[in-house]
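In what follows, a structure is listed as structure tokens, so that the remarks can point back to it.
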Amino acid sequence: MIEKILKHYITFIRSFEALLKDKYKQNVNPCSFSRTFFERVGSINGIEYYFHGSGCTAKKDGVIYAYDISIFEKDIIEFSQWEITEFIKTHPEYQKLNYSEDYIEYELYQLINKGILEWLTFERIEGKAFGCVFKCYRVVQEAFFV
């Protein structure tokens, strides 16, 4: 089921980005041109959005789609445990599954084992150690979903 959920999440993100690319006649990811061509906060086709840092939080019909785009590789979707959990918690169909965060993490780990996702870890920023590692996921086989 987590594969179905992730497919829905990724498909929505790419459709949302396509709307913005089409509206602003750009062929690059909207995360990279949001400051230049349009306001970072707005709405399109019933989707409210807010661009922040290297990512975006979009909301449609109460469902939250928060994600980042890789600053290291072109157009790679990255997301944290919190972001995918918020998607599941706010989606009317998926929230009924009542998945725990541990279960979601376990299922995402299975997708890492399949080579569909991979870990993205941050140990330091600008030379300053955090003292901990932040785990995020990155989609490496998007074609599996779309």
For the [atom1] atom of [X] and the [atom2] atom of [Y], what is their distance to the nearest 0.5 Å?
{"X": "Arg14", "Y": "Leu19", "atom1": "CZ", "atom2": "CG", "value": "13.5 Å"}
{"X": "Gln141", "Y": "Glu118", "atom1": "CD", "atom2": "CD", "value": "10.0 Å"}
{"X": "Leu117", "Y": "Cys136", "atom1": "CG", "atom2": "SG", "value": "12.0 Å"}
{"X": "Ile13", "Y": "Ile77", "atom1": "CD1", "atom2": "CD1", "value": "4.5 Å"}
{"X": "Asp102", "Y": "Tyr109", "atom1": "CG", "atom2": "OH", "value": "15.0 Å"}
{"X": "Tyr94", "Y": "Ile2", "atom1": "OH", "atom2": "CD1", "value": "9.5 Å"}

Full working for side-chain contact (heavy atoms from CB on, under 4.5 Å) between Leu20 and Phe51:
CA-CA 12 Å; Leu20 291 173; Phe51 283 89; 3.6 Å; yes
Residue pair Ile84, Tyr9: steps toward the side-chain contact (heavy atoms from CB on, under 4.5 Å) verdict = CA-CA 8 Å; Ile84 194 72; Tyr9 177 75; 3.9 Å; yes
State, to 0.1 Å, how close [X] and [Y] come at their nearest heavy-atom pair, and which atoms those are.
{"X": "Lys60", "Y": "Gly46", "answer": "CG-O, 3.8 Å"}
{"X": "Ile69", "Y": "Glu17", "answer": "CD1-OE2, 3.6 Å"}
{"X": "Ile104", "Y": "Ile88", "answer": "CD1-CD1, 3.7 Å"}
{"X": "Trp82", "Y": "Ala66", "answer": "CZ3-CB, 4.4 Å"}
{"X": "Cys56", "Y": "Tyr49", "answer": "SG-CB, 4.0 Å"}
{"X": "Tyr137", "Y": "Gln81", "answer": "OH-OE1, 3.4 Å"}

Verify the cluster assignment for Ile116 and Ile112: are they in a single hydrophobic cluster under the rule of side-chain heavy atoms below 4.5 Å apart?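 Yes.
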Exercise for the section: Check the hydrophobic clustering (I, L, V, M, F, W, Y; side-chain heavy atoms under 4.5 Å; chains of links allowed) and say if Val140 and Trp119 are grouped together. Expected result: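 The answer is no; the residues belong to distinct hydrophobic clusters.
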For this session: Before giving the answer on side-chain contact (heavy atoms from CB on, under 4.5 Å), spell out for Met1 and Tyr99 the whole-Å C-alpha distance, their side-chain angles and the decisive distance to 0.1 Å.
Result: CA-CA 11 Å; Met1 183 63 159; Tyr99 286 160; 3.3 Å; yes
With a sphere of 6.0 Å drawn around [atom1] of [X], does it hold more than 12 non-hydrogen atoms of other residues, nucleotides or ligands?
{"X": "Lys59", "atom1": "NZ", "answer": "no"}
{"X": "Asn27", "atom1": "CG", "answer": "no"}
{"X": "Tyr106", "atom1": "OH", "answer": "no"}

Check against side-chain contact (heavy atoms from CB on, under 4.5 Å), Glu3 and Leu111
CA-CA 8 Å; Glu3 288 181 21; Leu111 296 179; 3.4 Å; yes
For Phe12 and Phe16, take the angle between the two ring planes, folded into 0 to 90°, and tell me which bin it lands in: parallel under 30, tilted 30 to 60, perpendicular over 60.
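Parallel.
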Within the 4.5 Å heavy-atom criterion, are Asp61 and Pro92 side-chain neighbours or not?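 No, side chains not in contact.
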4.5 Å side-chain heavy-atom contact, Glu86 and Thr57: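 Sidechains of Thr57 and Glu86: no contact.
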Between Phe87 and His91, is the ring centre distance below 6.0 Å?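 Phe87 vs His91: aromatic centres under 6.0 Å.
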>> Under a 3.5 Å distance rule, please check whether Arg40 uses its side chain to pair with a backbone N or O of Tyr50 as donor and acceptor.
In response: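 It does not hold such a pair.
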* **Heavy-atom donor-acceptor pair, Thr85 side chain to Glu101 backbone, under 3.5 Å** =>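 Such a contact is absent between Thr85 side chain and Glu101 backbone.
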Under the ring pair (Phe, Tyr, Trp, His ring centres under 6.0 Å) rule, collect the residues that match up with Tyr67, sequence neighbours excluded.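 Scan of Tyr67 (ring pair (Phe, Tyr, Trp, His ring centres under 6.0 Å), adjacent residues dropped) gives none.
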